[in-house]
Protein chains: 2
Amino acid sequence: MHTWKQFDRNVITHSAAHHLMAIDTLMHEHGYARVSDVARLLEITRGSVSISLKPLKAEGLVEQDENRFIRLSERGQRLVDILRARHYIIKKFMTAVLGVGEERAEIDGCKIEHLLSAETSERLTALLRFIDSGAESADRFIEEFHRFNEACLHDAQACPSCQDQCLYDLASQKLQDAVAEK
Amino acid sequence: MHTWKQFDRNVITHSAAHHLMAIDTLMHEHGYARVSDVARLLEITRGSVSISLKPLKAEGLVEQDENRFIRLSERGQRLVDILRARHYIIKKFMTAVLGVGEERAEIDGCKIEHLLSAETSERLTALLRFIDSGAESADRFIEEFHRFNEACLHDAQACPSCQDQCLYDLASQKLQDAVAEK
DNA sequence: ACAAACTGTTATATAATTAAAACACTTGCC
DNA sequence: GGCAAGTGTTTTAATTATATAACAGTTTGT
């Protein structure tokens with residue numbers, strides 16, 4: 001069980017990912033980005049942005065010119081492109097395949113886009129490519145899955161997917177309901 | 001863009017989830033759990049465990065008897081059961097559907113099991129139930145998808161899944177390769 | 001029964017992410 | 001030209017997750 005120690009050492013933090021993506025968004029929308037613009041977009045203080053940007057500048061992902069305008073370095077841009085691609089496929093998988101609501105998919109996607117491995121992201125992209133391929137088996141799968149949904153007996157013994165408890169009942173519970181007094 | 005502020009305020013932290021699951025593991029393996037046992041299992045110091053446990057005791061997820069033996073409260077147990085169910089379905093989806101390697105699926109699963117919404121977890125469980133149902137369309141989908149994999153032309157224009165850049169090329173890159181000097 | 005080993009807690013420290021407030025500098029308007 | 005508004009940084013502070021080290025108490029072995 002040494003795996004769990006890796007789980008914090010992620011390549012970039014959630015916060016860093018969003019700072020980088022905010023710069024990218026601003027560059028596309030206004031052609032420039034400053035500390036204040038990022039702060040406004042992320043709804044945090046300028047001081048926080050200034051401090052958060054420091055390690056990103058040190059790592060060469062973000063650059064600042066003589067007028068203190070911010071831009072992404074080439075590597076920073078590449079990182080953002082990867083993150084956006086992953087966000088897109090995760091969200092699309094959740095909505096188009098799983099049938100999760102748009103807003104929920106957006107939030108869940110943001111939480112995990114920077115955490116998934118390249119391997120998982122690659123396989124997820126392959127899945128979506130297959131679904132988009134127009135293959136008859138893909139279309140039928142999606143259609144039948146979306147019709148399937150109702151028939152859970154909530155009986156672990158009778159269920160080929162369950163072990164001792166109904167997975168459906170367990171997995172679908174909200175964590176906050178379990179944490180909060182009830 | 002108020003969504004992104006929610007992304008940190010998760011119901012439980014990664015660390016808390018693993019402390020709770022460690023207690024559960026120890027209870028199953030030895031019938032009891034103490035601070036030292038948790039520390040050994042997670043490979044952190046007893047001091048760290050003692051401190052991490054404090055908020056969990058305060059929230060009533062963990063209890064400690066007069067001999068300082070630790071156990072999960074009813075709510076703590078419920079939380080662990082939910083987390084384990086989610087971990088299981090995420091990992092199973094990654095291996096059985098996506099074809100991700102076992103070890104990678106374990107790590108990725110650990111990173112996100114406590115972050116996904118109930119809605120997404122529920123839909124993911126439904127997907128696995130459909131695949132386990134033996135429906136012919138499910139079997140064919142998996143089989144054909146696993147054979148499909150090769151044919152990416154890496155040409156965004158010709159690809160029904162891509163926009164301006166090849167999603168496959170982007171999403172499958174390792175983040176650390178983008179961050180590290182190259 | 002006593003020393004060695006182990007246990008749990010606390011104190012102190014570090015790093016990350018954020019906030020608020022204070023400061024200095026720049027810009028824009030009248 | 002001068003003041004109000006905006007901008008970026010720094011300082012101070014809080015929280016979370018961890019570490020080490022010191023301490024006090026409990027077991028264990030002989």
Side-chain angles (χ1 to χ4, degrees), chain A residues 1-23 26 30-59 61-71 110-111 114-115 179, chain B residues 1-23 26 30-59 61-71 110-111 114-115 179:
Chain A
M1 227 255 218
H2 12 53
T3 24
W4 104 275
K5 299 273 273 184
Q6 304 185 325
F7 306 157
D8 266 353
R9 291 204 295 280
N10 297 311
V11 180
I12 45 161
T13 63
H14 176 76
S15 160
H18 279 278
H19 279 77
L20 294 175
M21 289 194 289
I23 296 170
L26 289 164
H30 302 117
Y32 61 87
R34 295 163 303 171
V35 168
S36 295
D37 301 316
V38 174
R40 252 190 306 271
L41 186 57
L42 296 181
E43 298 179 59
I44 56 181
T45 63
R46 286 166 308 171
S48 293
V49 172
S50 186
I51 289 166
S52 297
L53 248 36
K54 225 177 290 181
L56 296 176
K57 285 189 272 185
E59 253 189 311
L61 296 170
V62 167
E63 293 161 356
Q64 204 165 17
D65 71 16
E66 62 280 4
N67 292 317
R68 306 209 257 197
F69 279 55
I70 306 164
R71 72 188 127 60
C110 255
K111 286 193 181 179
H114 63 293
L115 296 176
V179 171
Chain B
M1 228 254 220
H2 11 53
T3 22
W4 105 276
K5 299 274 272 185
Q6 304 185 324
F7 305 158
D8 266 353
R9 291 204 293 281
N10 297 311
V11 179
I12 45 161
T13 63
H14 176 76
S15 159
H18 279 277
H19 278 77
L20 295 175
M21 289 193 291
I23 296 169
L26 290 164
H30 303 119
Y32 61 86
R34 294 162 304 169
V35 168
S36 293
D37 301 316
V38 173
R40 252 189 305 272
L41 187 56
L42 296 182
E43 298 179 60
I44 56 181
T45 63
R46 289 171 317 204
S48 293
V49 172
S50 186
I51 289 167
S52 298
L53 248 36
K54 226 178 288 181
L56 296 175
K57 284 189 272 185
E59 253 189 311
L61 296 170
V62 167
E63 292 160 357
Q64 205 165 15
D65 71 16
E66 61 280 2
N67 292 318
R68 307 210 257 197
F69 278 55
I70 305 164
R71 70 188 127 64
C110 253
K111 286 193 181 180
H114 63 294
L115 296 176
V179 171

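Just so it is clear: chains get the letters A, B, ... in the order the sequence lines come, proteins before strands, and each one is counted from 1. Only this structure's heavy atoms are used, side chains among them; waters, hydrogens and symmetry mates stay out.
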Atom-to-atom span, [atom1] of [X] to [atom2] of [N] - whole angstrom:
X: A:H19; N: C:dA19; atom1: NE2; atom2: P; value: 8 Å
X: B:D65; N: C:dT7; atom1: CG; atom2: C1'; value: 14 Å
X: A:I44; N: C:dA21; atom1: CD1; atom2: P; value: 17 Å
X: A:E59; N: C:dA15; atom1: CD; atom2: P; value: 16 Å
X: B:I70; N: C:dG8; atom1: CD1; atom2: C1'; value: 9 Å
X: B:L56; N: C:dG8; atom1: CG; atom2: C1'; value: 16 Å
X: B:F69; N: C:dT7; atom1: CZ; atom2: C1'; value: 10 Å
X: A:E43; N: C:dA20; atom1: CD; atom2: C1'; value: 17 Å

Exercise for review: Using the side-chain contact (heavy atoms from CB on, under 4.5 Å) rule, pick out the option among B:I70, B:I44, B:V62 that qualifies with B:H19.
Suggested key: B:I44
Which heavy atom of [X] sits nearest a heavy atom of [Y], and at what distance?
X: B:R40; Y: B:D37; result: NH2-OD1, 3.0 Å
X: B:S50; Y: B:V35; result: N-CG1, 4.1 Å
X: B:H18; Y: B:C110; result: CE1-SG, 3.3 Å

Check your understanding: Would one find a side-chain N or O of A:S52 under 4.0 angstrom from OP1 or OP2 of C:dT17?
Key ->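 No, because none of the side-chain N or O atoms of A:S52 sits under 4.0 Å from OP1 or OP2 of C:dT17.
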Check your understanding: Within the structure, does a side-chain N or O atom of B:T13 lie under 4.0 Å from either OP1 or OP2 of D:dT16?
Key -> no
Check your understanding: Could you go step by step and tell me if A:H114 and B:K111 meet the side chain to side chain contact (heavy atoms under 4.5 Å, CB included) rule?
Key -> CA-CA 10 Å; A:H114 63 293; B:K111 286 193 181 180; over 6 Å; no
Exercise for review: Just call it for B:S36: base, sugar-phosphate, or nothing, with non-hydrogen atoms closer than 4.0 Å on any strand.
Suggested key: sugar-phosphate
Pick out the pairs of N or O atoms, protein on one side and nucleotides 9-12 of chain C on the other, that lie under 3.5 Å.
{"from": "C:dT9", "atom 1": "OP2", "to": "B:S50", "atom 2": "OG", "distance (Å)": "2.9"}

Review point. If we only count heavy atoms from C-beta on, is the A:L115 to B:L115 side-chain gap below 4.5 Å?
Key: yes
**Study point:** Euclidean distance, A:I12 CD1 relative to A:L61 CG, rounded to 0.5 Å
**Key:**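 Answer for the CG-CD1 pair, A:L61 versus A:I12, is 8.0 Å.
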